[in-house]
Structure formats: C-alpha cells, structure tokens
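Working notes for the structure below.
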Amino acid sequence: MIQRELRLSLASRNFNRKGESSAHPQSSSSIALKPAVADVARTREGRTQCCRHSPGRTQRCRCRTQSPENDSILITKWGRTVMKGNKSNGLYILIGSIVTGSADIVMKADEASLWHKRLCHIMTLFKVLYTLSLFSVLVFAQKSELKTYIVHVQKLDSHIQSQSHEIETYHKSFLPFRTSTDQHHQLVYSYKNAISGFSAKLTAPQVETMKLKAGVFSARPERMYRPLTTHSPNFLGLHRGTGLWKQSNFGRGVIVGVLDSGIFPSHPSFSGEGMPPPPAKWKGKCDFKVTECNNKLIGARSFNLAANVSGTDAEPPLDDDGHGTHTASTAAGRFVSNSSVLGNALGTAVGIAPLAHLAVYKVCFGSNCTESDILAGLDAAIEDGVDVLSISLGEDATPFFNDNIAIGSFAAMEKGIFISCSGGNSGPFNETITNDAPWILTVGASTIDRSIRATAKLGDGQEFDGESVFQPLDFPPTLLPLVYAGSNGKDDSSFCANGSLTRVDVGGKVVVCDRGGGVARVDKGREVKNAGGAAMILANLEPNGFSTSADAHILPATHVSYASGLKIKAYTNSTGTPLATILFKGTVIGDPLAPVVASFSSRGPSVTTPGILKPDIIAPGVNILAAWPVSIEPNTDFNLDSGTSMSCPHLSGVAALLKSAHPNWSPAAIKSAIMTTADVVNLEGNPILDQTLTPADFFATGAGHVNPSKVGDPGLVYDIAADDYIPYLCGLGYTDEQVGIIVRKTVKCTSKISQGQLNYPSFSVTLGSSQTFTRTVMNVGEAVSGYSVKIIAPPGVSVSVKPEKLNFTSVNQKETYYATFTRTNNGTNTFSQGYLIWVSTKHVVRSAVSVKLFEA
C-alpha cells in the first residue's frame, strides 16, 4: 500500500558515543509504511530545547551550540535512545526519519549542507516522479475503465447465420480473453439480425487489441438515446365504417413492434377481447404472466444491459414511465369510451390501428435507453416477425455507419418491415433532424384543432388565450395582483427555478414565469405555489412562438404565446397596480389554423444526407391523449403528452393500416404513399404554418401533413429495393467497409450515385449548374391510366420534366422520367421550394422540391 508521502530509502545506521557510524544490518530500499517521529533534545546548563520532525513534513531541526565543548545531543526514535553524547565540533543537523526501520541521521554541518542539497534534489525528483505516477495511474484507470462497445464484424456464412449459438460462439472469438468464463461475463448481446456484430464490456486497450483481429470492422462506445416525448384519429379523417379503417379492417392481422419504456398490460387500451389470434408467422414471447398478454398484446420483452451482464433475471417490461404505454396505445390502442384527462378532452380514445397486434420491447429504463439494449430489441423484433416498428427515441445525427438505429433499421427494411422514427425535439432550429436515414420514415410534430383553453384576463380588459388541462372549478374570476417573477433582474427568478422566489413577493398574486431555463413547466408552478403564489401565467420565449402545451399544473395556470407574454409583461410595467386572473373555458375544438408545426419539432436540412429532404412528414404530436400507466385522478388512466414521440406512433399506425390493405407493398412503397398524398394546407385552406404563424418551410413539414384518407390509393409510388441504397451510400463518400457495416455484407463501391439520384418521393437539390435527376414510378392505381406533369417551380429555378406524360396499361407497371433543374437568378446560399406533381383524373401524386442555390 503506497502512502501519500513517498520517503527516500537510506541504509539504517547506529551511532556510538563517539559519533562514529556503522552500517546497520537492516538495510532497506522499501517505501515507508509507518509514521516516524524523531526528537532532538539539546541540553545546555540544565536547560532542554527540543525540535520535532514529523512524517509528511520535510524539515530541518537545527541545534546550535553556544559552547560546543559543553553541548550534548540526545536523539530518540519512538522513545528509544539511538545516540547520545557530547559534541565539540559545532552545528549538527537532523536530516530526519527517512525510511521505516532506519535510524535518524546526524552529521556535521558541512556534511549536512551537502547532504541537504542532495536530499532537496532527490525529494524534488521524487515529487515529480510521484506526480507523474499519479497521472499515469489516472490515465491507466481511464483506459482501463469498462465501457459497453458496439462491435461490427464480418458476417458469417449464410448457412451458419441461422444458428444463434454458432453466431454467439463466433462473436466470442473476437473477445480478447483467455477463458470462456471471461468471455461470457463480458459479452452483453450477440446480435443475429439487426447488425453483424455484438456488444461487450471492454476497456480501451482491449478494444485496440481486438481491432487487430481479422474481421473486425469497427468498435466504439455505445451512445445513449432518449425518449422524444383521442381526438387525433378523427382529426386525421379516420372514421368507423369508411376510408382506410374500412379498407384495412382497422389494421387486422398486422403486428406493430414498439421499442420504448415498456407497457402497462392491464390498461383497457390493450384488451384482447374480440381480437383475432396473431398470425402464424409470430415467433415472439411474453415476459409477463400468461394472463397479462393476450391477442392484442401478443409480445412483451425487456432488454436491460445491467441485468444481462450480471446474469440476474431481467425485470419485466412493465412501464414505470408512461412513455411506452402512451406511444403503444397511440399506434394501436383499442376503442375506450369516456376517456379524458381531469375532465377535459372527453371522448373515445383509440389508436390509429385498433385491430393490429402489439409487440412491446422495453429498451428504456427511466430516461436511459442504451444503444446495446435498443439493438437487442431491434434484433428480437426482426426475429419475432413484426411488420411495423415504431421507435420514438433519438440522439444527434451521425454518419449512418455509426448510427446503429439506422443500421438495425436497414436490416429490418430488408425483411419487409416498415420503420417509423421520431425526428427529434430540438426545433425550431435548422439542421437538428435525427433518425434521417432514407429507409426510415422521419416524423415531425404538429398540432390538432383541439385546445384545452385557459384565458389570462388583465386588469385593463385584455384577454390572452392559453392552455392548461388543470381547470379548477372553484378558482374565482376575481382580479388578483399580478407580478413578473423576473422583475428583480435575475434569470433564475424569471424562469421560476426551484428556490428562486423565496425573496420575491408573490404571496396571493398571479405570477408570470418565462418558459425554459432548464426548468420543467409544471415545476415552475410548483415553485410559485411553494412561494405563496395564487396562479401562474407561463409565457413562451421567442423560439417557441405560438406553441403551447396543456399541462396538468398543480395550481391555476395558463400557458400563453411569446407575443401574449410580451404584452402581459408590458402591462405589468405600465401601472403601479397590475391585476390579472385566469378564466378556464374547457375543451375547444375547431382551430382553423391547424395543423401548425410545433416549435420543438426538429428541422432539416439533414446534416448526414442533405440530398434527401427531411423530415419526411408531420403528424399530430401536441397535447395527444393516450393511455397512461397510472391515474392522475380517480378513474382516469389517460394523459396528454407532446413530442415527436407522439407523432411517430401515428405514422406507425397508418403504416399498419396500409400494410393490412396492401400486404405486398414494400416499406419504400408505403413511405411513398404517405408522402405523395400528404396535405400541404391547413383546415382553412392556406399553407401550413409554423410556430411563428408564418408559412412553414419544407425543413419543418417535409412532404406535408399525413392524410390517412388518401394514403390507401396513391395512384403511383416511388419504390426502392434494398440493394438500391448501396450506390447511394457509396456516393456519400463512405468506404467499402463502412457501407458493408450498414448493409452487413461485403461491398465494393464500383457504382456510385449522387444523393439526389436515389428514387426518393421528394427532391432536395443543391444547385449551381443545371442538374438532371432520374425517377421511376410504379402504377398501383387503375390498370389503364394516364398522368400529366404539373410544375410549381421554386423561385429562381426552372424545372423541366421529360416525358411530360406517363401512360400505364397494367398494375405494377413502371415508367421513368427525368427532371432537370436550372437556375434563373443570381441568388446564392438561399433556399426555395416548389412541387413536381403527376395528375390523373383521380390521383394527385405530389413531390416536394427544395432547392439550395449557390455559385456554379
């Protein structure tokens, strides 16, 4: 055990009465393990003086003689006399107790001076060495820290690939351990379907050793993902007995897999009553008790990294967060009448595909969703036989060969599985979109036409509509004193952060708090209430614009827009006695501006692949009522939640309906049908708006707002086979090995295409000199049909299409056209947008066109 203080080791010495030294038989070169204290007592004419040397302090104890002939020195060590005698040759210096087991050293002053210098140099050297040793220990500890790595390796031969135990043995062969026991404890997951590889607990040096082995393509620490957190089916035009619900029989026979925080199986939204049994292809299992799974919830599994490594049983896939239950019921919940939250949004709650089966994979535990667990869930879902995957999780965009959701989704797509993912909650800022691989449907969030209204009324008569799901019936309309929490100039106070209002006079007042500052909206109200406030007006900051949320506040409150907040604050400064109250007006349906893009919805362009327009689509994601695992009031097992986490399962449900209606359509064909039939106007017939209530661009809306009433009969689709993505990936500049990681096979990038040449249902063009793109469409409408092109050219761009007409004589017939984009002005670094539309007597097939202009 190394002590904090390192001491120089010297040979032990004994001193005789004459001051002569002889080598002690116990010579030591070890480091001190015990403290040492040496006392020097100098007597002169009956008086004793003492100086003490303590371990850990390098000091000199000097005993000067006034009369050398009569001066005597006594040296003791741990109470034992080691030298005693008269000294007649001047100053002596005690160097100190250097090493355990060695005697203290006394020598003449001239000798001591030399030794002292040497000792100082030695001690300085040791301090440097000690510091370096500590640094080395820290570096070694850091390098030796165990982390979970995702490792991509060469794929096994196909005839072995089906044998799970053979795959696991193959994966273990890459691990840098000598015993099978070590390998067993360090291997976390062996993946069969999602990627060609495994996850393991490794140190950085072990990873470097492993990379030297043939067949290892990449190994990097796993990333942490996070969840991206009723009336909406009716808003989307889904009605019993008509449209896509009738055409698809409510999604009957389709299996929707949900990767999330688990599920609350006994919720009425997941009742198996009247449900048909799962398809024969289903191979999954239920980790709940047998009675908790049924013909609706046919599978439920849990993938917990910690439990897997320790060898303990994984916890059941019970949702203790609410996120997974909410998303699962949004995608495929059953009809549940008289559903509401605190008496608001009353109606029949139902998912988008109410007769589809659900398979739930718990990969999130609290706010943590580890990449290895997500891959394990993906791997199992592919093996189990799901038809649709709903993934409301996200992390910052990264190249696809480093994005394991993208890699696992590619494997799922190859198996015919449709993947819908949240686009992220980092809006309204550009280049924040995530889950942006072209084989994934990337979903943004927008409002519906319902609000839970709470109106702020000021003393001067002004009224500002906001929202709150908590609407107390006993809150009087009497005007109360109004105060802005940030009037003291402190940011914490303006955000109503925890403890920030203790010195602000808010007692009995309506308090204005700013949104944001890292403080949850409901927590702001808690601070106001704790400080004695009567009510809260929550005001948006500028980036949030007009986007508000109906929260279950703990005191009377309303959430108002940025513009309203500015006017309310201006009023507080205009009078010495500002007053306000909140009027609660309940559920209001019929907002003509809906849908409006939510401020939090992440925006394009894609950083990873700017030649693909992302997001693909927007869908309801604000104040969505769906199932909840706990009651927020008696007999209420529903809750309102907002996020692209909520919009994603809407599209998962729509895809399930399409899969049921058109079981032979590929994932790309389903995506094309969703995108080319999307709405581009709001309920009043004007362009869709963003949070500023100005027209939204394509980086906010993608192709537009999903319209399930049209997706079942799109007329034409843009199809993409799995191998069609390979020249696209090569065109991104990825190496053969990097492309091979994504597609899980050996690739030679002998053929490359630009991003814009992928047969995608939209166009994202970076335009200097003229460019021509090729597209192929497949007829899925009437056998005999004809289409004419209609161009709404982006400003500053000329678009020509050849041929201008497409004629079909059979279903599934394919035709190719060429679109050429040419600049018509000198603008640079600007974006413009338009449409390329194919029109028949029955169908409108619309492709969004986004163009960035730059100098050729």
Side-chain angles (χ1 to χ4, degrees), residues 236-239 241-254 352-353 387-388 416 418 441 613 616-617 651 653-681 702-721 724 758-763 773-792 799 801-819 835-849:
L236 292 174
L238 292 170
H239 305 283
T242 63
L244 189 58
W245 264 358
K246 180 180 180 180
Q247 185 183 1
S248 66
N249 196 9
F250 301 99
R252 184 186 181 98
V254 175
I352 303 300
D387 298 298
V388 175
F418 182 89
L441 184 73
L613 181 59
D616 293 307
I617 200 80
L651 268 300
V654 170
L657 298 179
L658 271 174
K659 192 76 173 178
S660 180
H662 301 285
N664 296 322
W665 281 11
S666 70
I670 292 174
K671 175 194 276 193
S672 175
I674 290 171
M675 293 174 63
T676 60
T677 60
D679 287 334
V680 296
V681 296
H705 189 272
V706 63
N707 187 340
S709 64
K710 294 181 180 179
V711 297
D713 187 17
L716 305 175
V717 295
Y718 294 79
D719 205 3
I720 308 174
D724 294 340
L758 187 67
N759 199 42
Y760 214 66
S762 59
F763 295 84
F773 298 98
T774 304
R775 290 291 189 272
T776 298
V777 290
M778 183 171 67
N779 179 29
V780 293
E782 293 76 15
V784 179
S785 55
Y787 290 80
S788 298
V789 72
K790 177 182 178 181
I791 301 296
I792 302 176
V799 183
V801 174
K802 294 181 180 181
E804 296 182 350
K805 293 186 177 182
L806 300 175
N807 295 305
F808 299 90
T809 58
S810 62
V811 176
N812 297 330
Q813 178 183 338
K814 295 181 178 181
E815 293 291 336
T816 297
Y817 70 88
Y818 305 89
Y835 295 100
L836 189 159
I837 309 169
W838 290 102
V839 182
S840 73
T841 57
K842 184 179 179 181
H843 300 101
V844 175
V845 186
R846 181 186 298 103
S847 290
V849 177

Please tabulate, for the side chains in residues 780-791, all donor-acceptor contacts under 3.5 angstrom to protein atoms that are two or more places apart in sequence or on a different chain.
unit_1, atom_1, unit_2, atom_2, d
Glu782, OE2, Lys842, NZ, 3.0
Ser785, OG, Glu782, O, 3.2
Tyr787, OH, His843, ND1, 3.3

Smallest separation among heavy atoms of Lys671 and Tyr760, with atom names | NZ-OH, 2.9 Å

Please list, chain by chain and in numerical order, all residues satisfying side chain to side chain donor-acceptor pair (under 3.5 Å) with Asp387, sequence neighbours excluded.
-> Lys281

List in chain and number order the residues that pass side chain to side chain contact (heavy atoms under 4.5 Å, CB included) with Asn807, two or more places apart in sequence or in another chain; answer none if no residue qualifies.
-> none

Is there a side-chain contact between Val799 and Val849, using heavy atoms and a 4.5 Å cut-off?
-> no

Sorted by chain and number, sequence neighbours left out, side chain to side chain donor-acceptor pair (under 3.5 Å) with Thr841 holds for none

Under a 4.5 Å cut-off applied to non-hydrogen side-chain atoms, are Leu441 and Ile617 in contact?
-> yes

Show the atom names and distances, to 0.1 Å, of all donor-acceptor pairs under 3.5 Å that link a side chain in residues 672-681 to residues at least two apart or in another chain.
unit_1, atom_1, unit_2, atom_2, d
Ser672, OG, Tyr718, N, 2.9
Thr676, OG1, Ser672, O, 2.9
Thr677, OG1, Ala673, O, 2.6
Asp679, OD1, Asn707, ND2, 3.1
Asp679, OD2, Asn707, ND2, 3.2

Scan residues 654-666 for pairs that pass side-chain hydrogen bond (donor to acceptor under 3.5 Å, both in side chains), counting only residues two or more places apart or in two chains.
-> Ser666-Asp719

Taken in chain and number order and not counting sequence neighbours, the residues that satisfy ring pair (Phe, Tyr, Trp, His ring centres under 6.0 Å) with Phe763 are Phe821

If we only count heavy atoms from C-beta on, is the Ser847 to Val845 side-chain gap below 4.5 Å?
-> no

Heavy atoms of Ala353 and Gly251 approach each other most closely as CB-CA, 4.5 Å

What's the shortest heavy-atom distance between Glu804 and Trp838, and which atoms?
-> O-CZ3, 3.4 Å

Can Arg775 be said to sit on top of Tyr817's aromatic six-ring, NZ or CZ under 6.0 Å from centre and within 45° of the ring axis?
-> no

Interatomic spacing from CG in Asp724 to CG in Leu758 - rounded to 0.5 Å | 7.5 Å

Calculate, to the nearest 0.5 Å, the distance between atoms CG and CG belonging to Asn779 and Leu806 respectively.
-> 10.0 Å

Do you know the tightest heavy-atom contact between Val717 and Ala669?
-> CG1-O, 3.8 Å

Between Ala655 and Phe418 the two heavy atoms that sit nearest each other are CB-CD2, 3.3 Å

Could I get the full list of side chain to side chain contact (heavy atoms under 4.5 Å, CB included) partners for Pro663, not counting sequence neighbours?
-> none

Thr776: what forms a side chain to side chain donor-acceptor pair (under 3.5 Å) with it, not counting sequence neighbours?
-> Thr816

Could you check if a side-chain atom of Leu836 sits within less than 4.5 angstrom of a side-chain atom of Phe773, using non-hydrogen atoms only?
-> no

